[in-house]
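Let me begin by presenting the structure, written as structure tokens, before commenting on it.
Since we're looking at a predicted model, the values are computed, not measured. Just the heavy atoms: all of them, side chains too, but no hydrogens, waters or symmetry mates, feed the values below.
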Amino acid sequence: MASKEWNSIDNFKLESEEYYCVFLDILGYKKKSDDFFTNKYNLKDRFKRAIDIVLEQLEMMKTLNCINLDELKIEFFSDSIILTHPVNKNTKDAIHNILHFSRIFASHLSFEELFVRGGIAKGYHVRENINNKFPFLSSKALERAYELESKYAKYPRIIIDNNIITDIDAWNLKTFVIKNDGFHILHFSPQLINHDGNNTNDVLAEMEDIYDIYIHEEDDKIKAKYQWLLSYYYWTLTTIPNINLQYFKKFDVDSTNLFEKIK
């Protein structure tokens, strides 16, 4: 039994602050990893290309004071990606930064055939290097974000925890959040589908690629994920005034997935 002197280390006062945390899981990662190590799919450089394009786009937005990524941290290991950003006192800007980056990032990963599901949560978070060498991480925000991803996300969607919704102002809610199956989720499809519908050829090509995977997939669980994605993209198209849906009808593969704009 440890002595009182030994256990006196627990007489401490923790100094921590709240963070927003995004936990993302790459769907079908094992296949991508197998292909990476057999020189069939360049996982590392595809990930790097997605990051480079995202940062290039956001750097342009930064010059217009649309976003600030100075406090955003990204960690990538195996099939998991963790994004963190301190809440700070200016909650509005912090939540905008994490939502905006997550939307663009998830979209560009998908262009590399890296579809993700995940969760966004808020909580106390401590990350330090012990002896300036060994990383230590303990995070209630990460725990909750992982719970949302592992228990509820199921499809290539990113669920936003309910306790964050009150942090998001009306403009950010309308821009970055929709409802699906009783959850608030990150609305990332506008990165592919322009709100004025003037890039339908690009959208059609992307959806054709996804549809081809969908119809040839034999695993029902995997097939359901592509079914959800096609349904989500098709719903997004229906929200664009005056768009001709004739060429997209075959992508309306599941009417049970209900989506709803935030009003």
Across all chains, not counting sequence neighbours, the side-chain contact (heavy atoms from CB on, under 4.5 Å) partners of Gln246 are Asn244

Applying ring-ring contact (aromatic ring centres under 6.0 Å, His included) to His100 and not counting sequence neighbours gives His96, Phe176

Report, as yes or no, whether the 6.0 Å neighbourhood of atom CD on Glu56 holds more than 12 heavy atoms from other residues, nucleotides or ligands.
-> no

Exercise. Is the closest side-chain heavy-atom distance between Leu27 and Ile222 below 4.5 Å?
Worked result: no

For Asp10, I'd like to know if atom CG has over 12 heavy atoms of other residues, nucleotides or ligands within 6.0 Å.
yes

Closest non-hydrogen atoms of Pro86 and Glu17, given as atom of the first, atom of the second and distance, are CB-OE1, 3.8 Å

Q. Heavy atoms, side chains only, cut-off 4.5 Å: are Lys179 and Ile262 in contact?
A. yes

Can you confirm whether Leu245 sits close enough to Ile243 that some side-chain heavy atom of one is under 4.5 Å from a side-chain heavy atom of the other? yes

The reported gap from CG in Asp93 to CD in Glu71 (rounded to nearest 0.5 angstrom) is 10.5 Å

Test item: Phe105 and Gln191 side chains (from C-beta on) under 4.5 Å apart, heavy atoms = no

Sorted by chain and residue number, the side-chain contact (heavy atoms from CB on, under 4.5 Å) partners of Asp202 (sequence neighbours excluded) come out as Asn199

Contacts satisfying salt bridge (Lys or Arg N to Asp or Glu O under 4.0 Å) that involve residues 204-231 (not counting sequence neighbours) are Glu208-Lys250

Regarding Asp169 and Asn172, do their side chains bring together a donor and an acceptor under 3.5 Å, going by distance alone?
yes

Contacts of Tyr152 meeting ring-ring contact (aromatic ring centres under 6.0 Å, His included) (sequence neighbours excluded), chain-then-number -> Phe183

### Query
Asn162 versus His184: any side-chain heavy-atom pair under 4.5 Å?
yes

With sequence neighbours left out, the residues meeting ring-ring contact (aromatic ring centres under 6.0 Å, His included) with Tyr124 are none

- prompt: So, do Leu186 and Val22 sit near enough that their side-chain heavy atoms are less than 4.5 Å apart?
  reply: no

Output for pair (Ile185 CD1, Ile120 CD1), nearest 0.5 Å, gives 10.5 Å

pair Asp181-Arg157: side-chain heavy atoms closer than 4.5 Å: yes

Applying side-chain contact (heavy atoms from CB on, under 4.5 Å) to Ser139 and not counting sequence neighbours gives His125, Leu137, Ala141, Leu142

Heavy-atom closest pair (Tyr20 atom, Ala94 atom, distance to 0.1 Å) is CE1-CB, 3.8 Å

Rounded to the nearest 0.5 angstrom, the CD1-CD1 distance for Ile168 and Ile98 is 11.5 Å

Original post:
Would you say the side-chain atoms of Ser33 pair up with the backbone N or O of Lys30, donor to acceptor, closer than 3.5 Å?
Top reply: no

Distance-only, no hydrogens or angles: does the Tyr214 side chain make a donor-acceptor pair with backbone N or O of Leu229 under 3.5 Å? no

query: Judged by modelled atom types alone, do Asn180 and Tyr155 share a side-chain donor-acceptor pair under 3.5 Å?
result: no

Here the gap from Phe23 atom CZ to Leu83 atom CG, rounded to the nearest 0.5 Å, amounts to 11.0 Å

By ring-ring contact (aromatic ring centres under 6.0 Å, His included), Phe251 pairs with (sequence neighbours left out) Tyr211

- Query: Within the side chain of Ser102, is there an N or O that forms a donor-acceptor pair under 3.5 Å with the backbone of Leu99?
  - Reply: no

| field | Heavy-atom side-chain contact between Thr236 and Val203 under 4.5 Å | value | no

Residues 95-114 vs salt bridge (Lys or Arg N to Asp or Glu O under 4.0 Å), sequence neighbours excluded, gives Arg46-Glu112, Arg49-Glu112

Do the side chain of Ser16 and the main chain of Val126 share a donor and acceptor less than 3.5 angstrom apart? no

Residues 55-83 vs ring pair (Phe, Tyr, Trp, His ring centres under 6.0 Å), sequence neighbours excluded, gives Phe47-Phe76

Separation between CG (Leu148) and CD1 (Ile160), nearest 0.5 Å, reads 10.0 Å

Hits for side-chain hydrogen bond (donor to acceptor under 3.5 Å, both in side chains) against Lys249, two or more places apart or cross-chain, chain-then-number order -> Tyr234

So the side chain to side chain donor-acceptor pair (under 3.5 Å) pairs with at least one residue in residues 78-87 (sequence neighbours excluded) are His85-Asn97

Quiz item: More than 12 foreign heavy atoms under 6.0 Å from OH of Tyr29: is that the case here?
Solution: yes

Review point. Do Tyr233 and Phe248 have ring centroids that are under 6.0 Å from one another?
Key: no

Does Tyr146 have more than 12 heavy atoms from other residues, nucleotides or ligands lying within 6.0 Å of its OH?
no

